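Basis for what follows: all heavy atoms, side chains included, without hydrogens, waters or symmetry-related copies. Lettering follows sequence order; numbering is per chain, from 1. Owing to the predicted nature of the structure, the values given are computational and were not obtained by experimental measurement.
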2 protein chains.
Amino acid sequence: MRNKEKNNARTERRDAAENRQRILDAALRLFEENGVEPVSMNQIAIEAQIGAGTLYRRYRNKSELCLDLIRDNLDLLFEDMDAYLEQHRDDPPGRRLKGILRLFIRFREKKLQLLAGVEEGASPSRPKNRSPNPMLVELQETFARLFGEMSASEPSEPENVFKADMLLMALKSEFYVFQKEVRAYSSEQFLERLCSALFPTAGN
Amino acid sequence: MRNKEKNNARTERRDAAENRQRILDAALRLFEENGVEPVSMNQIAIEAQIGAGTLYRRYRNKSELCLDLIRDNLDLLFEDMDAYLEQHRDDPPGRRLKGILRLFIRFREKKLQLLAGVEEGASPSRPKNRSPNPMLVELQETFARLFGEMSASEPSEPENVFKADMLLMALKSEFYVFQKEVRAYSSEQFLERLCSALFPTAGN
DNA sequence: TTGACAAGTGGAGAGTTCTCCGTTTATTAT
DNA sequence: ATAATAAACGGAGAACTCTCCACTTGTCAA
């Protein structure tokens, strides 16, 4: 669906492409003015001057729309992470994990609202958002791998996967915002807590 | 709001009490037939033969209704937990924590759907469910206290609070169901993972 | 150029959540 | 018993999500 996978036959029709842009523009405009959460798909359709059906054809819900809006930034983030891992390949795994977590949290800070929009329970009552979301899967695997390296001795594979799952959970908007607002943590404090809760800060 | 706090002036009007019962009955009936998630407040109002306004006056959303439906069981659970802690007061804190986690998970197993209903993001777009939910707060404090006991040496207060927050997060339906369905864990395996991820199983 | 037709469009409509407010009713004081 | 009155009722209606499908339009092959 993404950037017109060139490989796949037909290219996007011109009018469709134009509408896509209208939608993105309209959404951005409305989000900037009102924040992400209170803006409805309805409003976006109206602002973009298209029918509701057209909007929903392209984005099944607001979550998908938000994802499209940060797609590029997200790709950059992942590149940054990869670069970081590459550059610090000789650091102990705990350090490296902390490093990429810091990158992620910084990103989260910048795109708080949109990211929350992406996570937002897509549809109420509907078949439920059963999409693993490839980006999260990749992140999850990276975490799991680093946990694996961390104690190369025994901690079984599943153990690492589980920890990675927990980490991912803790990085969700809901938890992050709660820690910031209710527990009054700064990003860096949060990061610190997270690391010391999930792995012994051996090397550092 | 709960069980007609007797202390507080007026008792609940008879017709109101009757309607409350109608609602509870109707909801239970519909939930048993269709599961919790797909049943709408609307349907419940119709099944109970009352106006939507009447339903919403008593329960701001489905989440509150579900909470009322397991209120009693929940109270029992808490009593069980207290009893457990009392009986095993000489066990090491890790053991005790595991014990009450097991109780909680068993409860979750029994009331999976309703509990998920309680957690369900109340309203879409609305002011956001800013209710800390007293029962969760209590649980959170118990967890934090046990973490505190666990390593009486240095781990600062906030450290324990944070871990307790993470634990609570991991006990949510979303995470629990994911672990069961995708990672294919049994309740007991899940419990095992949870404990070994968050604290060294020293005493055991 | 010209069809054919897949792709795209828009808006009516079904089903929801939740509020507002005029009407009804149970309770309590007289 | 009766009236005053706070509480409760119910349904119209506003706003929303999402689907369906008759209609329009871009594209490509001839």
Side-chain angles (χ1 to χ4, degrees), chain A residues 1 4-6 8-24 26-27 30 34-66 117 120-131, chain B residues 1 4-6 8-24 26-27 30 34-66 117 120-131:
Chain A
M1 199 131 298
K4 59 166 64 167
E5 0 260 293
K6 62 205 51 172
N8 219 336
R10 300 244 184 336
T11 76
E12 191 177 37
R13 253 168 65 164
R14 207 174 35 254
D15 56 346
E18 192 197 318
N19 273 348
R20 167 192 248 79
Q21 203 50 56
R22 293 168 86 82
I23 293 173
L24 260 20
L30 288 174
N34 310 95
V36 172
E37 205 243 34
V39 174
S40 73
M41 287 294 267
N42 227 348
Q43 287 174 63
I44 295 173
I46 292 170
E47 175 85 9
Q49 309 198 69
I50 59 170
T54 305
L55 176 54
Y56 276 95
R57 147 185 322 274
R58 225 171 291 281
Y59 303 106
R60 266 200 295 284
N61 48 51
K62 213 169 68 169
S63 173
E64 286 194 359
L65 209 181
C66 288
E120 194 143 296
S123 42
S125 308
R126 229 50 85 193
K128 192 68 182 174
N129 188 21
R130 278 283 160 252
S131 56
Chain B
M1 202 134 297
K4 59 163 65 167
E5 0 261 294
K6 62 204 53 169
N8 219 337
R10 300 245 182 336
T11 75
E12 190 178 40
R13 249 169 68 164
R14 208 179 29 259
D15 55 347
E18 190 196 320
N19 273 347
R20 168 196 247 63
Q21 203 50 53
R22 294 169 85 80
I23 292 172
L24 260 20
L30 288 174
N34 311 94
V36 172
E37 205 242 35
V39 174
S40 74
M41 288 293 269
N42 226 349
Q43 287 174 64
I44 296 172
I46 292 170
E47 175 84 9
Q49 308 198 69
I50 59 171
T54 304
L55 176 54
Y56 275 95
R57 145 121 39 117
R58 223 171 292 282
Y59 303 106
R60 267 200 295 285
N61 48 54
K62 214 168 68 168
S63 171
E64 287 193 0
L65 208 181
C66 289
E120 195 144 295
S123 42
S125 307
R126 231 48 87 191
K128 193 67 181 175
N129 188 20
R130 279 282 161 254
S131 55

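- Minimum atom distance to the side chain of A:Arg14 is reached by D:dG26, of the listed D:dG10, D:dG26, D:dC18.
- Look at CZ on A:Arg60: it is 14 Å from C1' on D:dT17, rounded to the nearest Å.
- Contact detail for A:Val36 and A:Lys62: the closest heavy-atom pair is O-NZ, 3.0 Å.
- In this structure, of D:dT17, D:dA12, C:dT17, it is D:dA12 that holds the atom nearest to the side chain of B:Ala52.
- B:Glu18 has its CD atom 13 Å from the P atom of C:dT25, to the nearest Å.
- Set against C:dG8, D:dT19, C:dT17, the side chain of A:Tyr56 has D:dT19 as its closest nucleotide.
- Rounded to an integer number of Å, the gap from A:Ile50 CD1 to D:dC18 C1' is 14 Å.
- Of all nucleotides listed (D:dG10, C:dG10, C:dA26), C:dA26 comes nearest to the side chain of B:Arg13.
- With distances taken from any side-chain atom of A:Gln43 to the nucleotides D:dA8, D:dC16, C:dT17, the minimum falls on D:dC16.
- At whole-Å resolution of the value, CG in B:Asn42 and P in D:dT17 are 17 Å apart.
- Within 4.0 Å (heavy atoms only), B:Asp15 reaches sugar-phosphate atoms of the nucleic acid but no base atom.
- Within the structure, a side-chain polar atom (N or O) of A:Thr54 is placed less than 4.0 Å from OP1 or OP2 of C:dG10.
- The distance from atom CG of A:Leu55 to atom C1' of D:dC20 is 16 Å, rounded to the nearest whole Å.
- Note on A:Asn61: every side-chain N or O is 4.0 Å or more away from OP1 and OP2 of D:dC18.
- If you take CD1 of B:Ile44 and C1' of C:dG15, they are 15 Å apart, rounded to a whole angstrom.
- In this structure, OH on B:Tyr56 lies 8.5 Å from CD1 on B:Ile44, to the nearest 0.5 angstrom.
- Rounded to a whole Å, the CZ atom of A:Arg22 is 16 Å from the P atom of C:dG8.
- Here the C1' atom of nucleotide C:dT25 and the CD atom of B:Glu12 are 15 Å apart, to the nearest Å.
- A salt bridge is absent between B:Glu18 and B:Arg14: the closest approach of a Lys/Arg side-chain nitrogen to an acidic carboxylate oxygen does not fall below 4.0 angstrom.
- Dashed line: the shortest gap from a side-chain N or O of B:Gln49 to OP1 or OP2 of D:dG10 is not under 4.0 Å.
- Comparing C:dT17, C:dA6, D:dA8 against the side chain of B:Met41 picks out C:dT17 as the nearest.
- Surrounding CD of A:Gln43 are more than 12 heavy atoms belonging to other residues, nucleotides or ligands, all under 6.0 Å away.
- Although no hydrogens or angles enter the test, the distance criterion places no donor-acceptor pair under 3.5 Å between the side chain of B:Asn42 and the main chain of B:Ala45.
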